[in-house]
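Report on the following structure.
Per chain, numbering begins at 1; letters A, B, ... match sequence-line order.
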Number of protein chains: 2
Amino acid sequence: MAVDRDHVLRSAAALLTRRSTATMDEVAKAAGISRATLHRQFAGRDALVRALEALGIAECEAALEAARPDEGPAGDAVRRLVAGIEPHAPLLAFLYTENQLFEGEEQNAGWARIDDRIAALFRRGQASGEFRIDLTPAWLTEALYGLLASAAWAVAEGRVAPKDFTHMIVELLLGGVRRPDTAPQRKES
Amino acid sequence: MAVDRDHVLRSAAALLTRRSTATMDEVAKAAGISRATLHRQFAGRDALVRALEALGIAECEAALEAARPDEGPAGDAVRRLVAGIEPHAPLLAFLYTENQLFEGEEQNAGWARIDDRIAALFRRGQASGEFRIDLTPAWLTEALYGLLASAAWAVAEGRVAPKDFTHMIVELLLGGVRRPDTAPQRKES
DNA sequence: CTCACATGAGACATCAGTGTCTCATTGCGG
DNA sequence: CCGCAATGAGACACTGATGTCTCATGTGAG
């Protein structure tokens, strides 16, 4: 009976990640169902996007859970987190831009929860002395989202090898571009 | 006679940065002109976006020029570049997501030029030993765009103080989050 | 086998945005 | 003062997407 709702969501995610303006008809075709059935599952395009948002939030929270952000060095936890999010990065990238659309309306509370947990991870790293303290946790959280989205697109467009995804993000985020062992580092950072 | 075309473009940029789906009517109102006049200036919405793209490219190239990317330490050049782009970051952020829409169609060649010059800057830093070489110039370029867009949104939403814009981006990009070991390089503040 | 229910296909009205048009008004230079 | 050009206001048709509806089909459970 029920069309595999999860399958519909996932194909919609895959399609919308590439063509964020895809029509309901295209979404239905991509899922291998008719537009009527798609409409029976999701009241409208808005409902579909909300469902995708819920899916993205759930996957983020699962990844957050699996990353054990409170264990071990914060840097390692960040790496585990990015690695766990990697499979869902395209969906996240879609939602990231889509969220810019929701300007006025209320955001799903799930994002706030996730933001808080990620920010807490960075804060923990700062408290332990592992991370520098001149970059605010809020900014680091935002930057992580931005890097995830950038990397997802770069991979989608073939500018970055898929296997390098986690490495590129984590190394840039944690270590930065500057070579640590460069001899004279007189720069006050 | 001619409505100040530049003024129209800039108010359109300001509006579309916040509401990327704003209607032509809203764009016209934001510029203080009628929809008819807006239409006389730009054949259609597409032409308007293209004009904004051209504006963004021009501003990027101007910033690139002003940053003197071939002079001095690459890190300093990156800082000059980000500082120069800062005023135009909202427009860039808009174009960055809008570009995801142009998937199939040909990209404006201007972006390729800019990509090349930025990538060349990173490559120069790598060649001089200033930057690490395990992060590809293409990825660093992409990441820079992502960070610029993230920061622009974070500032727009009040999550980051406008005055911290350049510092947050440059420090994260160059130095990363991880605190440099205090023992070997002691940096007295 | 038969019934029930989900689905696919498609018709249909609706709506929003767009692009084009006309016409009156305004403002400016000759 | 007159005429010209640009503008503003609005009507209009067109398009594309959406949401709702009906009906035929098919498949699975009893």
Whole-Å gap separating [atom2] ([N]) and [atom1] ([X]):
X	N	atom1	atom2	value
Glu26(A)	dG16(D)	CD	P	13 Å
Lys29(A)	dT7(C)	NZ	C1'	15 Å
Leu48(A)	dG19(D)	CG	C1'	14 Å
Arg5(B)	dA6(D)	CZ	P	16 Å
His7(A)	dT7(C)	NE2	C1'	14 Å
Asp4(B)	dT7(D)	CG	P	11 Å
Ile33(B)	dT7(D)	CD1	C1'	10 Å

Apply side-chain contact (heavy atoms from CB on, under 4.5 Å) to the pair Leu144(A) and Val82(A), showing each step before the final yes or no.
CA-CA 9 Å; Leu144(A) 174 57; Val82(A) 173; 4.0 Å; yes

Is the shortest side-chain heavy-atom distance between Phe122(B) and Val78(B) below 4.5 Å?
yes

Measure all distances between protein nitrogen or oxygen atoms and nitrogen or oxygen atoms of nucleotides 14-16 of chain C, and list the pairs falling under 3.5 Å.
none

Looking at Thr23(A), I'd like to know whether one of its side-chain N or O atoms comes within less than 4.0 Å of OP1 or OP2 on dT18(D).
yes

Taking 4.0 Å as the cut-off, does a side-chain nitrogen or oxygen of Thr37(B) come that near to OP1 or OP2 on dA6(D)?
no

Which atoms of nucleotides 19-25 of chain C (N or O only) lie under 3.5 Å from a protein N or O atom, and what are those distances?
| from | atom 1 | to | atom 2 | distance (Å) |
| --- | --- | --- | --- | --- |
| dG19(C) | OP2 | His39(B) | NE2 | 3.2 |
| dG19(C) | OP2 | Arg45(B) | N | 3.3 |
| dG19(C) | N7 | Arg35(B) | NH1 | 3.1 |
| dG19(C) | O6 | Arg35(B) | NH2 | 2.9 |

Any idea which heavy atoms bring [X] and [Y] closest together, and the distance?
X	Y	answer
Leu147(B)	Ala143(A)	CD2-CB, 3.7 Å
Leu16(A)	Phe94(A)	O-CD1, 3.5 Å
Leu52(B)	Leu95(B)	O-CD1, 3.7 Å
Tyr96(A)	Ser150(B)	OH-OG, 3.2 Å

Does this structure show an ion pair linking [X] with [Y], if we count only N-O contacts that are shorter than 4.0 Å?
X	Y	answer
Glu98(B)	Arg45(B)	no
Arg50(A)	Asp46(A)	yes
Glu157(A)	Arg18(A)	no

For DNA chain D, whose closest nucleotide is more 5', that of Ser34(B) or that of Ala22(A)?
Ser34(B)

Given axes from five pairs at either end, by how many degrees does the helix from dC1(C)-dG30(D) to dG30(C)-dC1(D) bend, rounded to 10°?
10°

Taking the six-membered ring for Trp, are Tyr145(A) and Trp153(B) closer than 6.0 Å centroid to centroid?
no

List the steps and the verdict of side-chain contact (heavy atoms from CB on, under 4.5 Å) for Met24(B) and Phe42(B).
CA-CA 10 Å; Met24(B) 288 293 271; Phe42(B) 303 98; 5.5 Å; no

